[in-house]
Every structure is written in structure tokens, then in C-alpha cells.
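The figures that follow rest on heavy atoms only: side chains count, while hydrogens, waters and symmetry mates do not. Proteins come first, then strands; the chains are lettered A, B, ... in the order of their sequence lines, and each starts at number 1. Please read these numbers as outputs of a predicted model, since none were measured by experiment.
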Amino acid sequence: MMKIATFNVNSIKARLGNVLEWLRSADPDIALLQEIKCTEEEFPGLELSGLKYQIALCGQKTYNGVAILAKSPIALEMRALPGDGGDDHARYIEGKVGDLRVASIYVPNGQNVGSEKFRYKLGFLARLEARIRELLEREEPFIMSGDYNIAPFDLDVHDPQAWRGQIMVSPEERSWFRRYLNIGLTDAYRAIHPDALGFSWWDYRAGAWQRDMGLRIDHLLLSPQAADRLQDADIDRDPRGKDKASDHTPVWCKLIAGRA
DNA sequence: ATGGTCGCGCTGCGA
């Protein structure tokens, strides 16, 4: 059995103790991290390799940054989402671990519906669809995982009325996410828990965590060949309740072993 | 309550 987890850590340097504690207890075979908020040189690689993880990362000073940690060798495939050579944000890394292709993705937040940042988010989502289509043609197992900054359905929102039309739940963003599902990807958490209300992010403000005012915006999207192997999936709420927690918490799935 | 709280890095920006 192989356990794959995604976690927006909101700065790996500020979160190192929390992340190490989580890795020790959750023990994923592959961890996809987002918002490491540092360059490759600043990344605390020694501490993580001390837990037997190999590392592939796409870093940037101050903002964004994504990484793949794995207990088996990682073959780096891409460190940017194709389709916009002018996009210099560190938001996408893709690699292969054995026969499984994984991507760690940090979709732009979008700030406000209709803003310039929102248009950038929609462009990124369109480029992501193109990459998904390319990979689907190969008919191989892959997982597109990360912080999508989209709560796909009202079941993924603590108060759908209050959030109606807002960033992360707007119809245009949701239509992109549905398209990923419609062309063949499986939302691992929703496949295992069809009716559950589960969140992966709670705002630091307004006591959102204490009041469980969350959204489910972190997702593991499986190709058909990966979904064939899906055994279990869940959200690990424990890290969000710790001191100095990220505003996100990890989401994981388990696949039965593929052929070597 | 268009507020609230983090992280980065030194001033306000991004989330």
C-alpha cells in the first residue's frame, strides 16, 4: 500500500517542526507540499532527508513554492506548468515515483472575482486542464494534487449561502474543477466519502478553526489508472489544531501497489 | 463588523 498526501504548509521554514511531526506520525510514502515560501538554497533539506525523504522542489523567494518528498527516487519531469513562458511563479512541479506520476500544484488564490489575479487564476486553471488532457492520453496512473483554491461543491463549504459567488466557490472556478472530473479524474476524498462534510482549510481570522468555518480546497485528483488502485482517502485534521499550525491541513489517499 | 490573523521581511502585500 502506498500513501500519498498533500499539504499546503504556509512556509516550510516557519512550519518545520509541525511538518516533521506530521511526517513522523502520518508517514506518507509521497508528500506533495505547497507554499514552501523559500528558494531551493533555503529549503531545510537535511532535516527532511533525515526522515529518509528524497526531495524535488520548485522554489521562489518569499512566495509560492512547491515540493515533492518521497521515500523512493523521484524522476523530475517538469518544474512549471506549460503554456505561459511569462509565468514565473513557482506553482507546479511534476515527477515520477516508480510507475506513479505525481504533481504538486499551488493554484493561484485569485483574490477577488473579476480582479487581475482572478484572470491569472483562470488562465492557470485552463493550462492545468491542457496538461491533464496530455497526461490522460498516456493511460497511466497519475495524481494531480495540491491547493486548488476551489471548493468544488456546496458540500465543501461550511456556509454556502455566505460564500455564494465569492472567490474559491465562484461558478467559473467550479466549472474548471468539474471539467477535470468530467474528462476523467477522480476526487479521492469524495470518492471514499460521498456525503461527508470535510474541510482542509480554515482562515486564521475570526476564529474560523475554533468555529469549524472551513472549506475543502486541497485535493488529490486521480487518473483512471490511479483511481483503479484507490483504497482509502481522508483529511487529517490533527495538524491544524497544533500550535503554530498552517491554515491548511493534510489530505491523503492510499493506493494498492502497482507493478514495479 | 469589508473585520479578523498569519508569514515575509521591514513596508505593506498576499492569503
Side-chain angles (χ1 to χ4, degrees), chain A residues 6-22 32-44 47-48 57-67 81 84 86-92 104-125 128 145-152 156-170 172-174 176-177 199-219 235 237-251:
Chain A
T6 184
F7 188 10
N8 179 323
V9 299
N10 186 15
S11 169
I12 188 65
K13 288 186 287 182
R15 210 71 57 214
L16 185 57
N18 301 58
V19 172
L20 292 173
E21 181 183 11
W22 165 66
L32 296 314
L33 308 183
Q34 300 87 38
E35 280 206 274
I36 62 173
K37 291 189 174 179
C38 68
T39 62
E40 195 160 347
E41 294 71 34
E42 298 169 305
F43 191 83
E47 288 87 345
L48 293 160
L57 66 99
C58 175
Q60 176 182 339
K61 182 176 163 61
T62 310
Y63 300 114
N64 311 316
V66 287
L81 187 60
D84 181 357
D87 183 1
D88 59 354
H89 290 199
R91 295 182 178 275
Y92 188 87
S104 180
I105 308 163
Y106 178 43
V107 173
N109 171 281
Q111 195 171 49
N112 291 116
V113 173
S115 67
E116 183 61 38
K117 290 187 175 69
F118 185 70
R119 284 188 287 279
Y120 171 59
K121 181 177 193 174
L122 296 180
F124 188 96
L125 293 170
L128 184 57
S145 41
D147 176 3
Y148 282 76
N149 270 312
I150 300 173
D156 304 308
V157 180
H158 70 93
D159 185 348
Q161 291 300 109
W163 275 87
R164 186 168 302 276
Q166 298 298 306
I167 198 70
M168 297 191 279
V169 307
S170 73
E172 207 165 358
E173 293 165 79
R174 284 179 162 181
W176 279 111
F177 193 91
F199 309 133
S200 67
W201 170 83
W202 298 258
D203 201 306
Y204 281 126
R205 297 166 291 187
W209 165 250
Q210 289 76 9
R211 299 153 71 182
D212 202 22
M213 296 167 59
L215 301 180
R216 191 174 70 94
I217 58 175
D218 300 88
H219 309 291
I235 297 168
R237 289 171 63 100
D238 289 346
R240 186 63 180 82
K242 305 281 187 183
D243 282 346
K244 295 272 292 176
S246 170
D247 46 351
H248 295 251
T249 211
V251 183

What is the distance, to the nearest angstrom, from the OH atom on A:Tyr120 to the C1' atom on B:dC13? 16 Å
Using side chain to side chain donor-acceptor pair (under 3.5 Å) as the criterion, list what pairs up with A:Lys13, not counting sequence neighbours. A:Glu42
Using modelled atom types and a 3.5 Å cut-off, is there a donor and acceptor pairing between side-chain atoms of A:His158 and backbone atoms of A:Trp202? no
Integer-rounded Å distance: B:dG14 P and A:Gln60 CD: 12 Å
Residues passing the side chain to side chain donor-acceptor pair (under 3.5 Å) test with A:Trp201, sequence neighbours excluded, are A:Asp247
Which residues pass the ring pair (Phe, Tyr, Trp, His ring centres under 6.0 Å) test with A:Phe124, sequence neighbours left out? none
Of all residues at least two apart in sequence or in a different chain, which pass the side chain to side chain donor-acceptor pair (under 3.5 Å) check with A:Asn18? none
Expressed in angstrom and rounded to an integer, what is the separation of A:Arg211 atom CZ from B:dA1 atom C1'? 11 Å
Polar atoms only, N or O, under 3.5 Å: list the protein pairs with nucleotides 3-7 of chain B and their distances.
unit_1	atom_1	unit_2	atom_2	d
B:dG4	O6	A:Arg205	NH1	3.3
B:dT5	O4'	A:Tyr204	O	3.4
B:dG7	OP1	A:Arg15	NH1	3.1
B:dG7	OP1	A:Arg15	NH2	3.4
B:dG7	O3'	A:Ser11	OG	3.3

Interatomic distance, CG@A:Asp212 vs CZ@A:Arg237, rounded to 0.5 Å, equals 4.5 Å
Starting at NZ of A:Lys61 and ending at C1' of B:dG14, how long is that distance when rounded to a whole Å? 15 Å
Take atom P in B:dG3 and the same atom in B:dC13, then report the distance between them in whole Å. 16 Å
Calculate the interatomic distance between A:His89 atom NE2 and B:dA15 atom C1'; express it in whole Å. 13 Å
Distance, rounded to the nearest Å, where A:Asn64 contributes CG and B:dA15 contributes P: 7 Å
At under 4.0 Å between heavy atoms, what does A:Arg91 touch on the DNA or RNA strands: base, sugar-phosphate, or nothing? sugar-phosphate
With rounding to whole Å, what would you report as the distance between B:dA15 and B:dG4 at their C1' atoms? 13 Å
With sequence neighbours excluded, tell me which residues meet side chain to side chain donor-acceptor pair (under 3.5 Å) with A:Ser246. none
Let me know the distance between NZ of A:Lys117 and P of B:dA15, rounded to the nearest Å. 7 Å
Atom pair distance, as rounded to whole Å: CD in A:Gln111 and P in B:dC13: 10 Å
Along DNA chain B (nearest heavy atom to each residue), the more 5'-positioned of A:Lys13 and A:Pro108: A:Lys13
